[in-house]
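First comes the structure, then the notes that go with it.
Naming convention: chains lettered A, B, ... in sequence-line order (proteins, then strands); numbering from 1 in each chain.
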Amino acid sequence: MINKEVRNVAAALEGVEDGMTLMLGGFGLCGIPENSIGALVEIGVKNLTCISNNAGVDDFGLGLLLQKKQIKKMIASYVGENAEFERQMLSGELEVELTPQGTLAERCRAAQAGIPAFYTPAGCGTEVAEGKETREFKGKMHVLETAYEADFSIVKAWKGDEAGNLIFKGTARNFNPAMCGAGKITIAEVEELVPAGSLDPNQIHIPGIFVNRIFQGAKFEKRIEQRTVRSK
Amino acid sequence: MINKEVRNVAAALEGVEDGMTLMLGGFGLCGIPENSIGALVEIGVKNLTCISNNAGVDDFGLGLLLQKKQIKKMIASYVGENAEFERQMLSGELEVELTPQGTLAERCRAAQAGIPAFYTPAGCGTEVAEGKETREFKGKMHVLETAYEADFSIVKAWKGDEAGNLIFKGTARNFNPAMCGAGKITIAEVEELVPAGSLDPNQIHIPGIFVNRIFQGAKFEKRIEQRTVRSK
Amino acid sequence: MALDKDTIAKRIAQELKNGFYVNLGIGIPTLVANHVPPGIAIEFQSENGVMGMGQFPFEGEEDADLINAGKQTITTMPGASFFDSAVSFSMIRGKHIDLTVLGAMEVPENGNIANWKIPGKMVKGMGGAMDLVASAENIIVAMMQVNKRGESKLLKRCSLPLTGIKCVKKIVTELGVYEIIPEGFLLVEYAPGVSIKTIKNATEGTLIVSDNLKEMSFS
Amino acid sequence: MALDKDTIAKRIAQELKNGFYVNLGIGIPTLVANHVPPGIAIEFQSENGVMGMGQFPFEGEEDADLINAGKQTITTMPGASFFDSAVSFSMIRGKHIDLTVLGAMEVPENGNIANWKIPGKMVKGMGGAMDLVASAENIIVAMMQVNKRGESKLLKRCSLPLTGIKCVKKIVTELGVYEIIPEGFLLVEYAPGVSIKTIKNATEGTLIVSDNLKEMSFS
């Protein structure tokens, strides 16, 4: 068993530097690597390019990095929940590349899987396809999309073991699995870190080979963005 | 819940006709849809094109269809265990397309995922790449491979529920997941069929949307190809 | 009388067929789930990674790890499954979803759709909409036909950046049900009590009235 | 004296480094797992869908659902995982595997490799070998240097259909250890008691003897 455990978030983030590209898991505020994001704010690395489906809200998730102007460029599919984001983007302070959500997921997965490029119909005929190669397959136009490159992938899982194996919970899975192994170094923060052999090998969502560093997060707030309920 | 249960293998195979293309899960004899293969022999459909990693052994798995000369063309990555296969191929009775194993898996997955084509380095500079488009990405040559098309995908899982959700066991998983939803109709035979709600939604390997028909196999022989043991 | 949003959703629910896997967008489309006709089996997907979505949770039972694509807390039905975003869009891109219902800012008469950006003013992003409209073979747009400034959203041509091209098949608004045909918007149903004149005034694009025009029915 | 197959495997095991994920091919490569140096952590992948392979099972404990790519019954180690073939080749194609050891029928001096087909005579198929050699950055070939008819398998040029091009970095045979350099096969180690003359006779391609040539050591 190859042990991937590091002692804390600081050790996990070693090597993250100004100007790097980070891939971060999560959908909205669900399944985001909140311990790592908190530490990135503290470390104060700047000029980051962040690849993440969303940009958090003003005071949580990637919104914390936006507030401190640590992000130079954001690659995302939906950023509607973040007023500071919109302000920085419309004022030109923040560079933004919006990409269809499925293409975003597949470009991460392609990086993980050693697929340099693939064709997808998403975005054909729209500004997303501008400047990209398009091609017809079975009578339908497709656009060529390439694998993302990133220095670090930072993901959040529910349980993990020392070998780096990960299990996600509910819809907190989202973009996390496809990002594992997609960046040069993958960091996983987990709610519970268990010894190797504790998890059923049949029920691992992401094998440890895709994870370089794993640690148990000190605290998970797991904020709910839209608390919707029905009456009993 | 959309119920996918059919009463038996005959109902599951309804619509399989001469000349069709079938995708069949399994690696060696491990995780093969043996009930369905047995029924295909009985039904006697002919001129099949089969996409499967291996071609079984002489008297089990796809070897049974080969014996009856029901297969016109075989698409596989490794066929070394089957003497009758080799005979039919070398004599020209059987058309054979050999493809790298990873490319085979990815072409199935591409069909499932609506990706018409992707680039892979596997096979560049070999006869596998002959007649195919090649292209350089980051200084390395890649070949363009397309998604497979099939009329039926026939897979084997360990447990399944009425909704078509599947869980595989050990290395019997292999090609089965990537083939689900890759053919026009997907048939899953399972060792144990349980009511919807019995399986943990977090531990489903293949969601039921990728499966059209599911049934509990009458009998599983699960033959071992190479029984290797160590002494106590 | 023009429909309210919930009644638009109710009309769209009539399009649900037994065995459909359905993706509902944010806004009016989400309400469709409340009106599934009895006796048919439907599963709702949310593209953030769940199939078999159920109702909102009871108060106190919300789970931060269980939300829909609108970031709302949800529950699941028996037979549900969770999966990652790449698998989720395999369902969508691979045409495994039978019906997609989504909102729009503008729909021109050729079936294009715009719903993600107002240049220089508002950029929410396309989310999963571009993947959905590029692959779905059965797309219904649910929206108010007239915007807050009284302008029609059923247009001759889109002015906003597109989400997808020639993909919309049907549109349900507070005023009527429209099919996209080569000639323009084919009005097939009108909301109870709404006049053709009102509908014409609220349609900037070419409007064709169906020979089989009828009033929407909610029996 | 020329090495036996198990000793070839033992020599290759010296190339294992702490933290390596390793894919072993069928035949001699499989034997490498028996010689992992003490004190280093290695995980063995089998491309049919398991990471963290263990030894063969005790008699009576074989599981038909637990095999390696050679179709042999196996066991798993703590920390193991199962996955599907697409994920398995994501590991391989995505360069997550640190070392690949595989057999060959022919290796020419430019580092190409042929191991899957003899036209008109034998076709086993490439299995996962083409994916492995196309992506692995650290490939060792394990084979007997001379075939059953006494012919060298270290050639000037391949005569058989290729599995991959310019990918082999190192070769370990019953006679020696070779690195591929622009000039040809660089002999860096010889098997105990084997003469350079014997090695030259068994090498059809260009042989260069390293300035740092030494005897293989199995201490």
Atom group of C/F89 that falls short of 4.5 Å from chain A, counting heavy atoms: side chain
Heavy-atom pair with the smallest gap, counting every atom of C/P161 and A/E127: CB-OE1, 3.5 Å
C/K5 NZ: over 12 foreign heavy atoms closer than 6.0 Å: no
Atom CD of A/Q67: over 12 foreign heavy atoms under 6.0 Å: yes
Most contacts with chain A, counted as non-hydrogen pairs under 4.5 angstrom, among C/G49, C/P57, C/A114, C/A86: C/P57
Evaluation steps, side-chain contact (heavy atoms from CB on, under 4.5 Å), between A/T103 and C/D131: CA-CA 8 Å; A/T103 300; C/D131 308 271; 3.7 Å; yes
Pairs of heavy atoms under 4.5 Å with chain C: top-ranked of A/G102, A/A122, A/G80: A/G102
Atom group of C/T163 that falls short of 4.5 Å from chain A, counting heavy atoms: backbone
Closest non-hydrogen atom pair between C/D65 and A/K156, with its separation: OD1-NZ, 4.5 Å
A/M141 CE: over 12 foreign heavy atoms closer than 6.0 Å: yes
C/M126 vs A/L98 side-chain heavy atoms within contact, under 4.5 Å: yes
Chain A contacts, top residue of C/M130, C/E59, C/K166 (heavy-atom pairs, under 4.5 Å): C/M130
Region of A/N82 that comes under 4.5 Å of a non-hydrogen atom in chain C: neither
Side-chain touch C/K124/A/V79, heavy atoms, less than 4.5 angstrom: no
Test side-chain contact (heavy atoms from CB on, under 4.5 Å) applied to A/Y78 and C/K71, step by step: CA-CA 12 Å; A/Y78 191 86; C/K71 283 90 177 180; 3.7 Å; yes
Residue pair C/N48, A/R173: steps toward the side-chain contact (heavy atoms from CB on, under 4.5 Å) verdict: CA-CA 8 Å; C/N48 57 316; A/R173 192 180 317 186; over 6 Å; no
Heavy-atom contact with chain C under 4.5 Å, split by part of A/E191: side chain
Interatomic distance, C/S88 atom OG to A/Q101 atom CD [nearest 0.5 angstrom]: 7.5 Å
A/T171 and C/F82, any side-chain heavy atoms less than 4.5 Å apart: yes
Pick from C/A80, C/G125, C/G70, C/A129 with the largest number of heavy-atom pairs that fall under 4.5 Å of chain A: C/G125
Leading residue by heavy atom contact count with chain C [cutoff under 4.5 Å; candidates A/G28, A/S77, A/A105]: A/S77
Largest heavy-atom contact set with chain A, pairs under 4.5 Å, which of C/G127, C/A134, C/A64, C/G164: C/G127
A/R230 atom CZ, neighbour heavy-atom count above 12 within 6.0 Å: yes
Side-chain heavy-atom pair A/E225, C/Q72 within 4.5 angstrom cut-off: no
Chain A contact via C/K117 - which portion, at a heavy-atom distance below 4.5 Å: side chain
pair C/T73-A/Q226: side-chain heavy atoms closer than 4.5 Å: no
Heavy-atom contact with chain A under 4.5 Å, split by part of C/N68: backbone
Residues A/R109 and C/D84 bridged, charged N to O under 4.0 Å: no
Shortest non-hydrogen contact between A/T228 and C/F56, atoms and distance: OG1-CD2, 3.4 Å
Structural part of C/E61 lying under 4.5 Å from a heavy atom of chain A: side chain
Engaged part of C/I92 at the chain A interface, taking heavy atoms whose separation is under 4.5 Å: neither
Shortest non-hydrogen separation from A/F27 to C/I67 and the atoms involved: O-CD1, 3.9 Å
Residues of residues 135-142 of chain C contacting chain A, heavy-atom criterion under 4.5 Å, by residue number: C/S135
